[in-house]
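Everything below concerns the one structure shown next.
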Amino acid sequence: MSAPPPKLRVLSGIQPTADSFHLGNYLGALRQWVALQDSYDAFYCVVDLHAITVPQDPAQLSQRTRVAAAQLIGAGLDPDRCTLFVQSHVAEHTELAWILGCLTGFGEANRMIQFKDKSAKEGQDQASVGLFTYPILQAADILLYQADQVPVGEDQRQHLELSRTLAHRFNHRYGQTFVPPQPYILAEVAKIYDLQDPTAKMSKSSSSPQGIVDVLDEPDVIRRKIARAVTDAGSEVRADPETKPGVTNLLRIYSALSGEPVATLEAKYTGTGYGGFKRDLAELVVATFAPIKHTTQQILADEAGLDRVLAHGAARARHVAAQTMSAVRARMGLLAPLR
């Protein structure tokens, strides 16, 4: 009997830039990462090096890195079924980023949307070189593990294209080395908007605290935030992005968490008004996040145990990364260090 074909490899990462992931993170990425770990050779990392492209408090960064890892496990990532690690624990990320940076044109880097968006807020003179080269480090993250596919939303497609371009460029110049990654477009999840401004995406960087539902929020906080969520004129629970953006946002959240189509929810709440609808949604969110919060707190209570889990993941990641870098150095003519 022939052996089954090897699983395709996926890689994705998330920044530890807040004290909790939020509802948009959960629906847009985390829940789908959990599903992928069964059918793919999945590598997931907490990308702390990406976080420091903007100023970070050192003590807060280390704490948030552990909280991020604990939440990933709490949400369902199993360190025995995927490779979970912290980016800075694998030195090859920065080594490959330098090499890829030497293959990237200044104009290519300058066209990256993320740098334009973030630097526009504070001015390019205040933006760090790290922020400018962020997409090159992201390419290194991907190519280092020879990822076949990368789970991305449409907003990250441009950065993945840079990874593919650099893979092809290196392969053409030095010989076949990297797998050009393909996008794994995550299952369509309706964009989750700010509860207080349903025209703006739910985001830690731009939303008010009352506009975000955090995974680690206390149940009563979740209930208050949803009860106070902006709704619209009238009392009909009906999706209409143009005239009822607030209710439409809440319906999309309800649908994404429950699996019920929006049309089914509209029929369910016909004639009931916003009050009962919001109460039921709040309880659904509480029920979804309560086990994640409980497991996260248990994991964080054993900090040494969490660190061992991350060290084990880093060792597995380094094994793959070292093989890639050995090939890269040899093909570029960089002398191998004596052992």
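Predicted model, so just to flag it, every value in this text is computed and none were measured. Values reported hereafter were calculated over all heavy atoms of this structure, with side chains retained and with hydrogens, waters and symmetry mates removed.
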Is a donor on one side and an acceptor on the other found under 3.5 Å between the side chain of [X] and the backbone of [Y]?
X: T65; Y: P16; answer: no
X: E108; Y: G105; answer: yes
X: Y269; Y: R238; answer: no
X: S128; Y: L131; answer: yes
X: R252; Y: A239; answer: no
X: S88; Y: D48; answer: no
X: K278; Y: A229; answer: yes
X: Q176; Y: F178; answer: yes
X: N171; Y: A167; answer: yes
X: T264; Y: E260; answer: no

### Steps toward side chain to side chain contact (heavy atoms under 4.5 Å, CB included) verdict (L216, V67)
CA-CA 10 Å; L216 300 183; V67 171; 4.0 Å; yes
[Y]/[X] salt bridge by N-O under 4.0 Å criterion:
X: D280; Y: K268; answer: no
X: D194; Y: K201; answer: no
X: D41; Y: K7; answer: no
X: E92; Y: R318; answer: no
X: K293; Y: E218; answer: yes

Beyond-backbone contact of [X] with [Y], side-chain heavy atoms, under 4.5 angstrom:
X: V320; Y: R9; value: yes
X: I73; Y: P79; value: yes
X: D214; Y: I212; value: yes
X: D220; Y: R223; value: yes
X: H93; Y: V90; value: yes
X: C82; Y: F43; value: no
X: L72; Y: L30; value: yes
X: F277; Y: L251; value: yes

Under 4.5 Å between side-chain heavy atoms, hopping through other hydrophobics if needed: is there a path connecting [X] to [Y]?
X: Y26; Y: Y193; value: no
X: L36; Y: L27; value: yes
X: V230; Y: I226; value: no
X: L195; Y: V285; value: yes
X: L23; Y: V215; value: yes

### Task
Tell me, with the steps shown, if Y184 and Y40 meet ring pair (Phe, Tyr, Trp, His ring centres under 6.0 Å).
CA-CA 12 Å; Y184 179 98; Y40 287 82; 5.7 Å; yes
Working to the nearest 0.5 Å, report the span between [atom1] of [X] and [atom2] of [Y].
X: E303; Y: R66; atom1: CD; atom2: CZ; answer: 3.5 Å
X: L265; Y: T270; atom1: CG; atom2: OG1; answer: 10.5 Å
X: L49; Y: Q138; atom1: CG; atom2: CD; answer: 12.5 Å
X: L284; Y: S255; atom1: CG; atom2: OG; answer: 10.5 Å
X: R64; Y: D57; atom1: CZ; atom2: CG; answer: 8.5 Å
X: E236; Y: T231; atom1: CD; atom2: OG1; answer: 13.0 Å

### Task
Could you walk me through whether L250 and V247 pass side chain to side chain contact (heavy atoms under 4.5 Å, CB included), step by step?
CA-CA 5 Å; L250 296 180; V247 175; 5.6 Å; no
### Query
Going through the checks in order, is the side chain to side chain contact (heavy atoms under 4.5 Å, CB included) test met by H50 and D141?
CA-CA 10 Å; H50 285 295; D141 299 337; 2.7 Å; yes
For the residue pair [X] and [Y], what are the closest heavy atoms and their distance?
X: G273; Y: V237; value: O-CG2, 3.5 Å
X: R164; Y: P180; value: NH1-O, 3.7 Å
X: M332; Y: I99; value: SD-CG2, 3.4 Å
X: A68; Y: V46; value: CB-CG1, 4.0 Å

### Task
Assess whether side-chain hydrogen bond (donor to acceptor under 3.5 Å, both in side chains) is satisfied between D78 and Q37, documenting all intermediate values.
CA-CA 8 Å; D78 182 349; Q37 68 185 341; over 6 Å; no
### Task
Look at atom NE2 of H294 and say whether more than 12 heavy atoms of other residues, nucleotides or ligands are closer to it than 6.0 Å.
no
#### Entry: Heavy atoms from other residues, nucleotides or ligands near CZ of R81 exceed 12 (cutoff 6.0 Å)
yes
#### Entry: Aromatic ring proximity Y44/F85, centre distance under 6.0 Å
no
### Task
Would you confirm whether the ring centroid of F21 sits within less than 6.0 angstrom of the ring centroid of F289?
no
